Amino acid sequence: MKERFNGPLERVDSCCVRIPKSYKAGMRVDGMIFANERLMEAIREGNAADQVANVATLPGIQGASLAMPDIHWGYGFCIGGVCATDPLEGGVISPGGVGYDINCGVRLVKTNLFWNEIKPHVRELVKALFYSVPSGVGRTGKYKFDAKETRRLMGQGPQFVVNRDCGVPKDLEYTEANGFIADGDPDQVTDHAVKRGSDQCGTLGSGNHFMEVQVVDAVVDAEVAKVFGLELNQVCVMIHSGSRGLGYQVCDDALSLFRNLDKKYGIDLPDRQLACAPAESPEGKKYIAAMRAAANYGFCNRQLLMQQAREVFAHVFGRTWQDLEMHQLYDVAHNIAKLEEHTVDGKKKKVWVHRKGATRAFPAGHPEVPEQFRHVGQPVIIPGDMGRASWVLVGAPGSMEKTFGTTCHGAGRAMSRTAAVKAAGGKRIDKELESRGVIAMASSRLGLAEEQPNAYKNVDHVVEVVHDADLSRKVARMRPIGVIKG
DNA sequence: ATGTAC
């Protein structure tokens, strides 16, 4: 019953193993999985490694089919996968390589509060967040946009909501791509997708999405932490959400459009779920335009979630969010495909970097890193599980050499959702979390069981690999104290 | 991840 990868995993160095392209017919490049010995058993379990090999067959793939240490099975492509394709070599774009939740990502908001001052107020704070910030499957929120406005929102990105007093211009500066993915086309987003998104902007959703109150638990790199404005015991808010029903529908629409395109373009797919189109084809361009528009919706969603968190903090602590210095450290996507310049075999190329459960991690000096951080590198935000920890990392030079500027995105599941519910055996996960010092509120008891800490790998172990591989370096460890979930 | 199968 339990699937297992029995193919070759050749150790390259202490952080990386190779699946040679001889493993499977049609592989154009090797597979490369970033993992140390401690994580190998988790990598061999399930069939995510086989998915890494499948992705290596895609036309125009560059370098290697890559996977991060938080790899696990996903639709077609594994979660934790990175695939770069060259459009000038027939390189493809694939919805499965982005994921159903387009521009799922993470935002970290700082405060000037410290653990000791908020300790007596955590329950009140979590309650207030839970009742103010909509969460759960299909939930809608207080921000309603008609179809025309929703398309305008996708055409402008979070500038659209900032113009409506939901945030300040500085928020945009500290968002990946300044919160705006250019060259999208909201008119390529179907009416159906627009309708699903019109009243969901500013809602959390379900699954692994959350809003957490965290404290800085350890500062590993004092210099970078100082540049990022983080110090020990400081209170922060981490937000993990994506593009809700709108992004889901954009992905679904593209998968319908891409059905049977393999025949049209003569692409041999080892798995139907790898459905793709040449990036330069009409179908490829259509998906890219819609995906970019949906990505802008994702940034707007997190902007509105942040704004609601600011309002709740202001209410609970009786000061304005500006007085509480609730400024954004950064917002970064981990489900997206972007056209970026990278050096492949000594040549500069523009490639479609698919990051599915993988985070951009540009190093110091990269022009896309906000000016204030450019001398140290891009902030990377890694959500862990709700009982143990999350991390703030900084992009490192190795990412440009090895992973198309990419690092991990989280802890990675260690149990399937059904296995996690079974393991909980009806136990109240919220009570268990409370005994560990975390106040949790969720709209679904079962959902909470699926997300229990045990269902995930230890994020510290995942982060250790990307740190050692020089993809991104440890800056600060964050400890959860309050969490709201769908 | 997702109006957890129109």
Side-chain angles (χ1 to χ4, degrees), chain A residues 46 48 51 70-81 94-107 134-141 144 147 150 189-211 239-256 259 273 275 287 290-291 294-295 297-302 305 332-337 354-359 383 385-386 409-413 415-422 424 442-451 455-456 484-486:
Chain A
Q51 294 188 310
D70 49 334
I71 173 178
H72 56 105
W73 185 89
Y75 181 91
F77 294 61
C78 68
I79 292 156
S94 176
V98 172
Y100 266 92
D101 192 4
I102 296 165
N103 192 7
C104 187
V106 200
R107 176 174 299 213
S135 66
V137 186
R139 277 291 292 277
T140 57
K144 318 266 185 202
T150 305
V189 177
T190 61
D191 291 344
H192 185 196
V194 169
K195 194 165 186 189
R196 286 186 71 173
S198 65
D199 53 3
Q200 285 194 327
C201 212
T203 65
L204 212 42
S206 65
N208 60 4
H209 290 166
F210 65 76
M211 185 181 286
I239 297 164
H240 178 204
S241 188
S243 52
R244 308 291 285 104
L246 185 144
Y248 180 97
Q249 195 59 45
V250 166
C251 179
D252 221 31
D253 291 340
L255 288 170
S256 306
R259 190 169 303 141
Q273 296 186 350
Y287 168 65
M291 181 267 295
Y297 180 98
F299 288 130
C300 290
N301 185 34
R302 292 195 290 276
L305 286 165
V332 64
H334 53 227
N335 275 17
I336 199 164
H354 297 68
R355 297 190 180 97
K356 181 188 191 174
T359 314
D385 66 71
M386 57 192 172
H409 90 305
R413 290 200 82 87
M415 282 181 208
S416 70
R417 294 190 174 279
T418 44
V421 171
K422 203 181 240 181
S443 35
S444 154
R445 174 105 40 105
L446 233 51
L448 203 62
E450 290 176 356
E451 292 296 314
Y456 286 90
I484 68 165
K485 289 190 68 75

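Below, read A as the first sequence line, B as the second, and so on, with proteins coming before strands; counting in each chain starts at 1. Nothing here was measured: the structure is a model prediction, and the numbers come from that model.
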message: Going by ring-ring contact (aromatic ring centres under 6.0 Å, His included), name the residues that satisfy it together with A:Y75, two or more places apart in sequence or in a different chain.
response: A:Y100

- line: Separation of B:dA5 atom P from A:Y75 atom OH, nearest Å, is 14 Å

- line: Taken to the nearest whole Å, CG/A:D252 to C1'/B:dC6 is 12 Å

- line: Atom CZ of A:R445 and atom P of B:dT4 are separated, to the nearest Å, by 21 Å

- prompt: Just how far, in rounded Å, is C1' of B:dA5 from CD of A:Q249?
  reply: 14 Å

- prompt: OH of A:Y100 versus C1' of B:dA5: gap in Å, rounded?
  reply: 12 Å

message: Using a heavy-atom cut-off of 4.0 Å across all strands, would you classify A:E450 as base, sugar-phosphate, or nothing?
response: nothing

statement: To the nearest angstrom, the NE2-C1' distance between A:H192 and B:dT2 comes to 11 Å

field: Any A:R417 side-chain N or O less than 4.0 Å from OP1/OP2 of B:dT4
entry: no

field: A:K144 atom NZ: more than 12 heavy-atom contacts under 6.0 Å
entry: yes

message: Applying a 4.0 Å non-hydrogen cut-off, can you work out what A:G242 is touching in the nucleic acid: base, sugar-phosphate, or nothing?
response: nothing

field: Spacing between A:K485 atom NZ and B:dT2 atom P, to the nearest angstrom
entry: 11 Å

message: Is the phosphate of B:dT4 approached by A:S206 (side-chain N or O, under 4.0 Å from OP1 or OP2)?
response: no

- request: State, yes or no, whether a side-chain contact exists between A:I71 and A:Q51 at a heavy-atom distance under 4.5 Å.
  value: no

field: Protein-nucleotide distance (A:D253, atom CG; B:dT2, atom C1'), rounded to Å
entry: 13 Å

message: So which atom in A:L204 and which in A:H240 form the shortest heavy-atom distance, rounded to 0.1 Å?
response: CD1-O, 4.0 Å

